[in-house]
Amino acid sequence: MKQKVTPTHTFQLIDKILAQQSINLLSLNPNKTLITSFAELENLIPENTDSEIFITLQETLESIVSTQLQNFPENIFWDFDFLVSSMLRQALIADEGAIAFLKSFGEKMLSLTEMFGSKTEIRFRYVHDFMYGFDWARWVQKEPQKRAHIEPFSPVFLDYLLVKGKELLQRINHGQVTSYKLCDTGYRNPFTFSREPEDEYRLLTCLAQEELIPVAVWNWNASPVWNKPFQEMRQQLALKLNIQPQKH
């Protein structure tokens, strides 16, 4: 049985960290407005989970959430349900053991968040493309026979993104970027259409209603989908919604 957890290691602490920010904790779930609280997510963790695993999971999540808040202060959608269930599921079957897996996973996530966020030259505005699986689906589509079985928050995919991030930083530093130019907002946008907050909100909520989000992170038991033309549909929907071209 899960041993009694001390008050310093409850998921509610993460809710308190989020509550201290002046942000709306919006969900992309078409059927609700706000995210599942971490206190609610804690209740989905099996009762017989080892206490040390539980504590390490909580600490890792707390650092992931804090780092996202620091590096993506203008992020809009904050679902975490499937990330939590994926972390726990992968940890329990990891060859190196659950504790080692969670610590390594946390380090990769922190490195990624810091690398792609507002404090480096990459300067992406949102974590949406990563958290909701657009980056993952595009990666799988390039080599589906090899990658279709690799899930969105697998260390294999995180390692790929870390390599990609380092390459992108090198290209930026050498003035070799064409599709990642800085916008007049000070953020980089690889898309041709505007991703100002009101446009990003409209487009992503419409994509969610049309079931065109690769990873329904608001669902603890989500089944990630890679084999839909997500990029093309996103472009088409942006046109349909009359979202303006991005200004550089």
Side-chain angles (χ1 to χ4, degrees), residues 1-18 36-72 78-117 119-120 127 130-133 135-136 139-140 143 146-167 169 214-215 217 219-224 226:
M1 295 296 286
K2 186 166 66 181
Q3 297 169 27
K4 185 172 172 60
V5 177
T6 60
T8 53
H9 287 99
T10 68
F11 278 35
Q12 202 165 3
L13 276 179
I14 306 174
D15 289 325
K16 287 180 180 175
I17 291 169
L18 286 164
T36 310
S37 72
F38 277 88
E40 292 173 274
L41 293 177
E42 181 178 338
N43 291 331
L44 297 175
I45 294 171
E47 276 290 322
N48 61 351
T49 301
D50 176 82
S51 61
E52 192 180 355
I53 294 173
F54 178 89
I55 288 167
T56 308
L57 177 64
Q58 188 276 337
E59 289 174 342
T60 305
L61 282 165
E62 186 176 325
S63 62
I64 289 170
V65 171
S66 297
T67 309
Q68 283 195 7
L69 288 165
Q70 290 161 20
N71 291 274
F72 293 89
W78 294 95
D79 294 296
F80 286 101
D81 309 42
F82 183 71
L83 173 67
V84 179
S85 69
S86 174
M87 286 170 65
L88 181 60
R89 187 178 64 255
Q90 291 185 85
L92 293 175
I93 59 170
D95 291 339
E96 67 269 37
I99 304 298
F101 172 87
L102 288 168
K103 288 183 176 176
S104 172
F105 183 92
E107 288 166 7
K108 290 181 198 292
M109 284 289 286
L110 264 56
S111 296
L112 270 178
T113 307
E114 289 167 351
M115 184 183 292
F116 284 93
K119 297 181 189 293
T120 73
V127 291
F130 167 63
M131 287 293 291
Y132 293 96
D135 293 335
W136 166 79
W139 177 73
V140 174
E143 291 190 71
K146 291 182 181 176
R147 298 172 176 174
H149 69 285
I150 298 171
E151 63 173 278
F153 300 116
S154 159
V156 174
F157 181 59
L158 301 188
D159 285 338
Y160 158 77
L161 288 177
L162 285 166
V163 171
K164 182 185 174 186
K166 287 172 186 170
E167 290 172 352
L169 277 170
V215 183
V217 190
N219 182 350
W220 181 269
N221 297 308
S223 298
W226 61 267

Checklist line | Euclidean distance, T10 OG1 relative to L13 CG, rounded to 0.5 Å | finding: 4.5 Å
Check: Does F38 reach the side chain of F80, with side-chain heavy atoms less than 4.5 Å apart?
Finding: yes
Check: Where is the tightest heavy-atom contact between A94 and F101, given as atom of each residue plus distance?
Finding: CB-CB, 3.7 Å
Next item on the list: Walk me through it: do M109 and T67 pass the test side-chain contact (heavy atoms from CB on, under 4.5 Å)?
Entry: CA-CA 9 Å; M109 284 289 286; T67 309; over 6 Å; no
Margin query: By the definition ring-ring contact (aromatic ring centres under 6.0 Å, His included), identify the one residue from F116, W136, F153 that meets it with F130.
Written below: F153
Notebook entry, point to check: Do the side chains of L44 and T36 get nearer than 4.5 Å, heavy atoms only?
Noted result: no
Next item on the list: Taking all non-hydrogen atoms of both residues into account, name the closest pair between K108 and P155 and its distance.
Entry: CE-CB, 4.0 Å
Next item on the list: Rounded to the nearest 0.5 Å, what's the gap from OG1 on T49 to CG on L92? Could you check?
Entry: 6.5 Å
Item checked: K166 side chain reached by M115 side chain, heavy atoms, under 4.5 Å -> yes
Margin query: I need the Q58 CD to L102 CG distance, nearest 0.5 Å.
Written below: 11.5 Å
Next item on the list: Could you tell me whether the side chain of L110 reaches within less than 4.5 Å of the side chain of S63, counting heavy atoms only?
Entry: yes
Next item on the list: Describe, in one word, how the ring planes of F157 and W139 are oriented to each other, choosing from parallel (under 30°), tilted (30 to 60°) and perpendicular (over 60°).
Entry: tilted
Check: What's the verdict on side-chain contact (heavy atoms from CB on, under 4.5 Å) for I14 and L41, showing C-alpha distance, side-chain angles and the deciding distance?
Finding: CA-CA 11 Å; I14 306 174; L41 293 177; over 6 Å; no
Margin query: Within this structure, what is the CG-CG distance for the pair D79 and N219, rounded to the nearest 0.5 Å?
Written below: 10.0 Å
Notebook entry, point to check: Between atom CG of D135 and atom OH of Y160, what is the distance when rounded to the nearest 0.5 Å?
Noted result: 8.0 Å
Note to self: Between S66 and E62, do the side chains contain a donor N or O and an acceptor N or O under 3.5 Å apart?
What the structure shows: no
Next item on the list: Please round to the nearest 0.5 Å and tell me the distance separating atom CG of L112 and atom CD of Q68.
Entry: 10.5 Å
Check: Nearest heavy-atom pair of V217 and L83: which atoms, and what distance?
Finding: CG1-N, 4.1 Å
Next item on the list: Kindly give the heavy-atom pair with the smallest separation between S111 and L162, and that separation in Å.
Entry: CB-CD2, 3.7 Å
Check: T113: what forms a side-chain hydrogen bond (donor to acceptor under 3.5 Å, both in side chains) with it, not counting sequence neighbours?
Finding: none
Item checked: 4.5 Å side-chain heavy-atom contact, M87 and I64 -> yes
Notebook entry, point to check: Is any NZ, NE, NH1 or NH2 atom of the basic residue among R89 and E151 found under 4.0 Å from an Asp or Glu carboxylate oxygen of the other?
Noted result: yes
Note to self: Are there over 12 heavy-atom neighbours, none belonging to E40, within less than 6.0 Å of that residue's CD?
What the structure shows: yes
Check: Does any non-hydrogen side-chain atom of N221 lie less than 4.5 Å from one of D81?
Finding: no
Next item on the list: Could you pull out the closest heavy-atom pair between T56 and K103, with the gap in Å?
Entry: CG2-CG, 4.1 Å
Check: Passes side-chain contact (heavy atoms from CB on, under 4.5 Å), W78 versus V65? Steps please.
Finding: CA-CA 9 Å; W78 294 95; V65 171; 5.8 Å; no
Item checked: Heavy-atom closest pair, residues D15 and A39 -> OD2-N, 2.9 Å
Notebook entry, point to check: With side chains defined as the heavy atoms from C-beta onward, is the minimum distance between F82 and P224 less than 4.5 Å?
Noted result: yes
